[in-house]
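Nothing here was measured: the structure is a model prediction, and the numbers come from that model. Residue indices begin at 1 and follow the sequence shown.
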Amino acid sequence: FSASSDLLPMVRLVPRGQTACVDAYLTPFIKVYLESFTSGFLPGTLALSPDQPGAKVAFMQSDGGLTAASNFCGFKAILSGPAGGVVGYAVTTTRIAGSKSPVIGFDMGGTSTDVSRYAGSYELVLETET
């Protein structure tokens, strides 16, 4: 069930409708994949048995945040790769390298290129113009 008002609580009808359509299409496929992925582990961990230490299973969302497999859905997965790249280089340049200056990320793949900027905080933009 993909209610547009729950997925994207904003006044504009068209973006909410597009988001609901994307979510309704992708979420069933993602749920099947996640069920397959997590079926071999104890619920909520990467442990194979109760006597082994496990790790928390979390998935990157389009906004750069992490969520449990049970909360992961289609429209939040669409830009999870580029979001993960921003979080990765932000952590690397600020915490590890100690950079205080703004940094620009350039992520080139086989079919797309993503350019981003990190200046000490994450910014979420819901709409863009080209």
Side-chain angles (χ1 to χ4, degrees):
F1 177 66
S2 298
S4 67
S5 59
D6 291 335
L7 299 172
L8 194 62
M10 62 187 300
V11 177
R12 303 198 49 210
L13 180 65
V14 173
R16 280 181 32 193
Q18 292 170 332
T19 300
C21 288
V22 166
D23 192 69
Y25 180 79
L26 291 177
T27 297
F29 293 104
I30 288 173
K31 293 295 181 190
V32 168
Y33 169 77
L34 291 177
E35 287 171 12
S36 172
F37 176 79
T38 59
S39 66
F41 303 109
L42 296 176
T45 71
L46 286 177
L48 298 174
S49 67
D51 59 331
Q52 291 182 334
K56 181 179 176 184
V57 177
F59 292 87
M60 178 70 70
Q61 300 181 111
S62 297
D63 63 3
L66 297 174
T67 189
S70 59
N71 296 331
F72 198 48
C73 61
F75 92 97
K76 290 183 179 176
I78 251 182
L79 295 173
S80 59
V86 172
V87 172
Y89 81 73
V91 169
T92 302
T93 58
T94 57
R95 292 188 191 160
I96 297 171
S99 174
K100 301 278 189 225
S101 301
V103 291
I104 295 175
F106 185 82
D107 184 358
M108 181 180 282
T111 59
S112 66
T113 300
D114 299 302
V115 179
S116 54
R117 179 179 185 267
Y118 179 77
S121 64
Y122 301 110
E123 181 180 349
L124 178 62
V125 178
L126 297 175
E127 293 186 34
T128 61
E129 292 182 23
T130 57

### Message
Under the rule for ring-ring contact (aromatic ring centres under 6.0 Å, His included), what residues qualify as partners of Y33, not counting sequence neighbours?
### Response
none
### Message
Taking transitive links into account, so neighbours of neighbours count too, which hydrophobic residues share a cluster with V32 at under 4.5 Å side-chain distance?
### Response
none
## Note on the structure
Those residues at least two apart in sequence (or on a different chain) that pass side chain to side chain contact (heavy atoms under 4.5 Å, CB included) with A119 are P102, R117
#### Entry: side chain to side chain contact (heavy atoms under 4.5 Å, CB included) involving L34 - partner list, sequence neighbours excluded
I30, F59, A69, F72
### Query
Can you name the residues that form a side chain to side chain contact (heavy atoms under 4.5 Å, CB included) with D107, not counting sequence neighbours?
D114
### L66 side chain reached by Q61 side chain, heavy atoms, under 4.5 Å
no
### Task
Give a yes or no on whether the backbone of G74 and the side-chain of T27 come within a donor-acceptor separation of less than 3.5 Å.
yes
### Message
How long is the straight-line distance from NZ of K31 back to OG of S70, given to the nearest 0.5 Å?
### Response
6.5 Å
### Task
Could you tell me whether the side chain of F75 reaches within less than 4.5 Å of the side chain of L26, counting heavy atoms only?
no
### Message
Given 3.5 Å as the limit, does a donor-acceptor pair link the side chain of K76 with the main chain of M60, or not?
### Response
no
### Query
Between Y25 and F29, what is the shortest heavy-atom contact and its length?
O-CD1, 3.2 Å
### Summary
Sorted by chain and residue number, the ring-ring contact (aromatic ring centres under 6.0 Å, His included) partners of Y118 (sequence neighbours excluded) come out as Y122
### Task
Give me the one residue out of I104, V103, T94 that meets side chain to side chain contact (heavy atoms under 4.5 Å, CB included) with Y89.
V103
### Task
Please identify each residue that fulfils side-chain hydrogen bond (donor to acceptor under 3.5 Å, both in side chains) with T38, with sequence neighbours left out.
none
